[in-house]
Amino acid sequence: MESVPVRCPVCGRDHTYSAPAYPCPCGEPTAPPLLRGAPAVRVTRRSWNDTWVTVRCASCAREDQWPRPELCCPCGTVLRIPVRTAATATAPPEPAAPAHIPLPRTAAHPRPAFHPVTIRTGHDAVSAAGLYLTWLGYRDVGRPGAGPASGIDLRGDGVVARVDSRTHPVPLRAVETLWLNALGASAAGVFFSLTGYAADALARADGVGLPLFVLDLTGTPRPVNGPAEDLVGTGA
């Protein structure tokens with residue numbers, strides 16, 4: 001799988017990034033070709049047009065729109081990784097292996113691969129998060145009647161979750177609101193964001209053990225703190 005070094009321009013952390021691969025309609029795993037040596041760009045505001053890139057399948061030469069690769073730094077900064085588009089690529093990239101989400105260590109039987117849904121609206125983001133919570137092992141996940149005004153977008157057996165689709169990092173108050181809701185419901189809290197988290201929000205979530213995920217536009221959640229990685233590893 002192709003990987004490139006990435007340095008966060010905010011905190012200076014160094015990362016190694018590999019673009020996730022998703023199946024082309026022909027069935028071949030396809031990933032955007034990364035542009036080695038180009039600096040990552042900080043995402044401060046989102047536009048749907050800016051978050052898609054044309055990628056050519058190495059097997060059938062079909063060109064389709066794919067989400068631009070992004071990385072969420074532990075400092076809360078979301079970075080967009082430069083890619084070689086289908087128009088500028090000198091040669092089609094080697095097909096990459098599909099990205100896999102770690103299976104829970106305690107599961108009696110391996111779970112099937114998670115199948116995301118493409119996010120184009122806030123409604124899609126909530127649906128994608130609900131599917132992921134069910135994949136993790138939570139039962140009866142659905143939308144509560146009160147809606148997001150209560151600080152909760154999804155509720156299930158033993159879990160409450162918030163799905164934030166704003167175009168700037170999630171603030172501290174939103175994380176604390178979900179955590180307090182989870183305490184009051186004697187349930188686990190899980191936060192999903194499209195843009196990432198402010199530094200103080202990330203620090204508070206680490207301190208109280210609240211899992212934080214970033215949703216990319218394919219609908220695939222990616223853990224951005226230790227509690228989220230633990231949840232992916234063990235399941236519900």
Look at the side chain of Asp140 and the backbone N and O of Gly156, then say whether any donor-acceptor pair between them is shorter than 3.5 Å.
no

Should Val6 and Pro39 count as side-chain neighbours, where that means a heavy-atom distance under 4.5 Å?
no

Heavy-atom check, side chain of Pro69 versus side chain of Val83, under 4.5 Å
yes

When you look at Val190 and Leu231, which way does the side chain to side chain contact (heavy atoms under 4.5 Å, CB included) test go after all the steps?
CA-CA 9 Å; Val190 183; Leu231 177 59; 4.0 Å; yes

Report yes if the side chains of Ile81 and Val4 come closer than 4.5 Å at any heavy-atom pair, otherwise no.
yes

Where Arg166 and His168 come nearest, the two heavy atoms and their spacing:
CG-O, 3.0 Å

Side-chain heavy atoms nearer than 4.5 Å, only ILVMFWY residues, links allowed to pass through others: does that put Tyr17 and Val41 together?
no

Ring-ring centroid check Phe114 Tyr132, cutoff 6.0 Å:
yes

List the steps and the verdict of side chain to side chain contact (heavy atoms under 4.5 Å, CB included) for Arg143 and His123.
CA-CA 11 Å; Arg143 303 187 185 209; His123 175 84; 3.0 Å; yes

Answer yes or no: is there an ion pair linking Asp216 with Arg222, defined by an N-O contact shorter than 4.0 Å?
yes

Hey, any chance Val170 and Val10 share a hydrophobic cluster, counting ILVMFWY side chains that come within less than 4.5 Å of each other, even indirectly?
no

Given Leu194 and Val163, is the side chain to side chain contact (heavy atoms under 4.5 Å, CB included) satisfied, shown in steps?
CA-CA 8 Å; Leu194 290 178; Val163 184; over 6 Å; no

Determine, stepwise, if the pair Leu210 / Val175 fulfils side chain to side chain contact (heavy atoms under 4.5 Å, CB included).
CA-CA 8 Å; Leu210 182 73; Val175 167; 3.6 Å; yes

Just so I know, are the side chains of Arg42 and Val78 near enough to count as touching, which here means a heavy-atom distance under 4.5 Å?
no

Taking atom CZ of Arg204 and atom CG of Leu212, what is their separation to the nearest 0.5 Å?
12.5 Å

From Arg80 atom CZ to Leu71 atom CG, the distance as rounded to the nearest 0.5 Å
13.0 Å

Distance from Leu178 atom CG to Ile152 atom CD1, nearest 0.5 Å?
7.0 Å

Heavy-atom distance under 4.5 Å between the side chains of Phe191 and Pro211, does that happen here?
no

Any donor-acceptor pair under 3.5 Å linking the side-chain atoms of Ser193 with those of Thr195?
no

A side-chain contact here means heavy atoms from C-beta on lying under 4.5 Å apart; do Pro82 and Arg36 qualify?
no

Roughly how far, to the nearest 0.5 Å, is CD of Glu70 from SG of Cys73?
13.5 Å

Sub-4.5 Å side-chain heavy-atom contact between Phe213 and Val224
no

Is there side-chain contact between Asp200 and Leu172, with heavy atoms separated by less than 4.5 Å?
yes

Roughly how far, to the nearest 0.5 Å, is CZ of Arg62 from SG of Cys57?
9.0 Å

To the nearest 0.5 Å, what is the distance between CG on Asp206 and CG on Asn225?
5.0 Å

